[in-house]
Amino acid sequence: MPNETASRPYRGVFPVVPTVFDAHGGLDLDGQKRAVDFMIDAGSHGLCILANFSEQFVLTDAERETVMTAVLDHVAGRVPVIVTTTHFGTAVCAERSRRAEAAGAAMVMIMPPYHGATIRVAEQGIYDFYKAVSDAITIPIMVQDAPVAGTPLSAAFLARMAREIENLAYFKIEVPQAAAKLRTMIELGGDAIEGPWDGEEAITLIADLDAGATGAMTGGGYPDGIRQITDAYFAGRREEALEAYERWLPLINYENRQCGLAACKALMKEGGVIAHETLRAPLPPLHPATRAGLLEIARRLDPMVLRWGR
């Protein structure tokens with residue numbers, strides 16, 4: 001599958017790359033590179049690293065730097081790479097973002113500042129946070145609007161930031177009623193909304209595309225399957241897109257509702273892409289029955305991940 005989205009505006013399928021660990025939980029950089037190569041071979045228009053589905057929350061700062069450098073050097077410009085630089089501290093987030101840009105990132109993805117279940121920042125503080133990060137870099141910022149942050153971000157507020165903050169141009173919307181929020185944000189923000197994107201493993205993909213989404217950030221296990229949906233949709237072949245969505249939705253649903261971030265690693269391990277599907281403690285491994293259910297559905301679809309390393 002050719003990559004037609006190597007320059008802005010970025011569009012298409014940009015899945016999250018898992019952070020690959022060895023059997024003991026250490027970084028497996030050889031496995032990391034194989035995961036990246038598979039995801040590019042499977043048709044990813046671009047990649048996102050160090051996201052929540054990358055287990056970024058179990059990495060030390062030094063490990064983040066190691067993974068970022070290893071992936072960006074190995075990708076070597078084959079596809080654009082988004083680096084997640086989320087941090088509560090404005091100065092820390094800005095510095096992470098500067099380092100990502102210097103290393104070759106095409107974009108940074110940042111959640112609004114939050115900590116735990118109760119520490120939040122008011123709207124003006126969120127605006128100032130993103131403005132300060134934007135002032136520190138020249139590449140675009142993607143706002144990750146996800147329930148885990150527990151921070152309400154209205155469509156009007158997102159559109160205002162897009163209009164007023166220079167580099168803030170992309171939005172990954174993965175909250176309930178995402179399609180309605182995307183549609184309103186696009187109406188209010190106009191051309192300032194360079195990239196309205198779908199998230200949450202593409203479980204609401206068709207509705208989000210109908211609302212105007214131009215990109216999808218999914219799990220990393222089957223970008224070839226997601227592209228069957230998006231390629232047809234963007235080419236105007238709606239019935240083909242709907243049929244592909246119906247075909248892949250059971251696997252999307254199983255990942256989203258049963259496995260979470262473990263799904264990608266289980267699929268990659270089963271297909272010989274990586275040697276170990278280790279999740280870092282305290283995250284538990286997939287229950288064998290859950291893993292078997294994932295693979296049962298996946299085998300019906302013959303995704304590249306189950307063949308790539310065999």
Side-chain angles (χ1 to χ4, degrees), residues 10-11 13-16 48 50-57 82 84-88 93 107-127 129-130 133 140-163 165 168-190 192-220 226 229-230 233 245 249 252-261 263:
Y10 301 119
R11 297 168 56 95
V13 180
F14 279 62
V16 173
C48 178
L50 300 174
N52 290 330
F53 258 40
S54 311
E55 298 174 75
Q56 60 87 11
F57 38 75
I82 301 169
T84 307
T85 58
T86 294
H87 195 280
F88 186 86
C93 187
M107 188 189 312
V108 292
M109 183 169 74
I110 304 170
M111 300 186 75
Y114 75 99
H115 182 73
T118 60
I119 300 179
R120 299 293 181 271
V121 176
E123 194 169 273
Q124 185 60 50
I126 295 170
Y127 183 101
F129 169 86
Y130 280 114
V133 176
I141 296 169
M142 172 177 282
V143 176
Q144 183 179 5
D145 182 14
V148 67
T151 302
L153 300 170
S154 71
F157 179 54
L158 294 175
R160 177 192 161 213
M161 288 199 296
R163 292 192 305 268
I165 298 176
L168 196 144
Y170 287 76
F171 301 85
K172 179 186 178 185
I173 306 299
E174 44 191 353
V175 294
Q177 290 78 55
K181 190 168 193 176
L182 282 163
R183 188 174 291 109
T184 302
M185 183 181 69
I186 293 166
E187 289 172 354
L188 295 174
I193 310 296
E194 183 175 318
W197 283 19
D198 164 89
E200 203 181 6
E201 298 77 72
I203 198 164
T204 58
L205 180 56
I206 289 293
D208 294 344
L209 291 171
D210 285 345
T214 59
M217 187 177 290
T218 64
I226 303 299
I229 305 167
T230 57
Y233 188 95
Y245 182 61
L249 187 55
I252 294 169
N253 180 73
Y254 203 93
E255 176 182 20
N256 178 268
R257 303 297 291 179
Q258 307 300 327
C259 301
L261 59 83

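Bear in mind the structure is a predicted one, so any value in this text is a computation, not a measurement.
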Heavy-atom nearest pair, Leu261 first then Phe57, reads CD2-CZ, 4.0 Å

Show your reasoning for whether salt bridge (charged side-chain N to carboxylate O under 4.0 Å, His left out) applies to Lys172 and Asp198. CA-CA 6 Å; Lys172 179 186 178 185; Asp198 164 89; over 6 Å; no

When you measure from the side chain of Thr204 to the backbone of Ala207, do you find a donor-acceptor pair of N or O atoms at a distance under 3.5 Å? no

Using atom types as modelled and distance alone, determine if a side-chain donor or acceptor of Thr214 lies under 3.5 Å from a backbone N or O of Gly195. no

Can you say whether the rings of Tyr127 and Phe157 are parallel (under 30°), tilted (30 to 60°) or perpendicular (over 60°)? tilted

At what distance, to the nearest 0.5 angstrom, does CE of Met111 lie from CG of Asp145? 8.0 Å

Heavy-atom nearest pair, Ser54 first then Val16, reads OG-CG1, 3.2 Å

Could you go step by step and tell me if Ile82 and Phe14 meet the side-chain contact (heavy atoms from CB on, under 4.5 Å) rule? CA-CA 8 Å; Ile82 301 169; Phe14 279 62; 3.8 Å; yes

If I take atom OG1 from residue Thr85 and atom CD1 from residue Ile110, how far apart are they, to the nearest 0.5 angstrom? 3.5 Å

Report the C-alpha separation of Leu50 and Met109 in whole Å, then their side-chain angles, then the decisive distance to 0.1 Å, and conclude whether the side-chain contact (heavy atoms from CB on, under 4.5 Å) test is met. CA-CA 9 Å; Leu50 300 174; Met109 183 169 74; over 6 Å; no

Does any part of the side chain of Tyr170, heavy atoms only, come nearer than 4.5 Å to the side chain of Val143, both counted from C-beta? no

4.5 Å side-chain heavy-atom contact, Val121 and Thr151: no

What's the spacing between Ile165 CD1 and Tyr130 OH if we round to 0.5 Å? 9.0 Å

Supply the atom-to-atom distance Ile173 CD1 to Met142 CE, rounded to the nearest 0.5 angstrom. 9.0 Å

For Cys48 and Thr84, what are the C-alpha separation, side-chain angles and deciding distance, and is it a side-chain contact (heavy atoms from CB on, under 4.5 Å)? CA-CA 7 Å; Cys48 178; Thr84 307; 3.5 Å; yes

Restricting to non-hydrogen atoms, name the atom on Ile186 and the atom on Ala211 that form the minimum distance, rounded to 0.1 Å. CD1-O, 3.5 Å

To the closest 0.5 Å, what do you measure between CD (Glu174) and OG1 (Thr218)? 11.0 Å

Pairs flagged by salt bridge (Lys or Arg N to Asp or Glu O under 4.0 Å) wherever residues 203-218 is involved - sequence neighbours left out: Asp210-Arg238

Minimum heavy-atom distance Ala149-Pro112, with the two atoms named: CB-CG, 4.0 Å

Could you walk me through whether Ile193 and Met185 pass the side-chain contact (heavy atoms from CB on, under 4.5 Å) test, one step at a time? CA-CA 8 Å; Ile193 310 296; Met185 183 181 69; 3.9 Å; yes

Is Tyr114 reaching over with its side chain to a backbone N or O of Phe88, donor-acceptor style, under 3.5 angstrom? no

Inter-residue atom distance Glu201.CD - Glu255.CD, 0.5 Å rounding: 5.0 Å

Donor-acceptor under 3.5 Å (Arg163 side chain, Gly189 main chain): no

Locate the shortest heavy-atom distance separating Ile126 from Pro113; write the atom from each residue and the value. CG1-CD, 4.4 Å

Note: Ala216 and Leu205 closest approach over all heavy atoms is CB-CD1, 4.0 Å

For the residue pair Tyr10 and Trp197, is the inter-centroid distance of their aromatic rings smaller than 6.0 Å? no

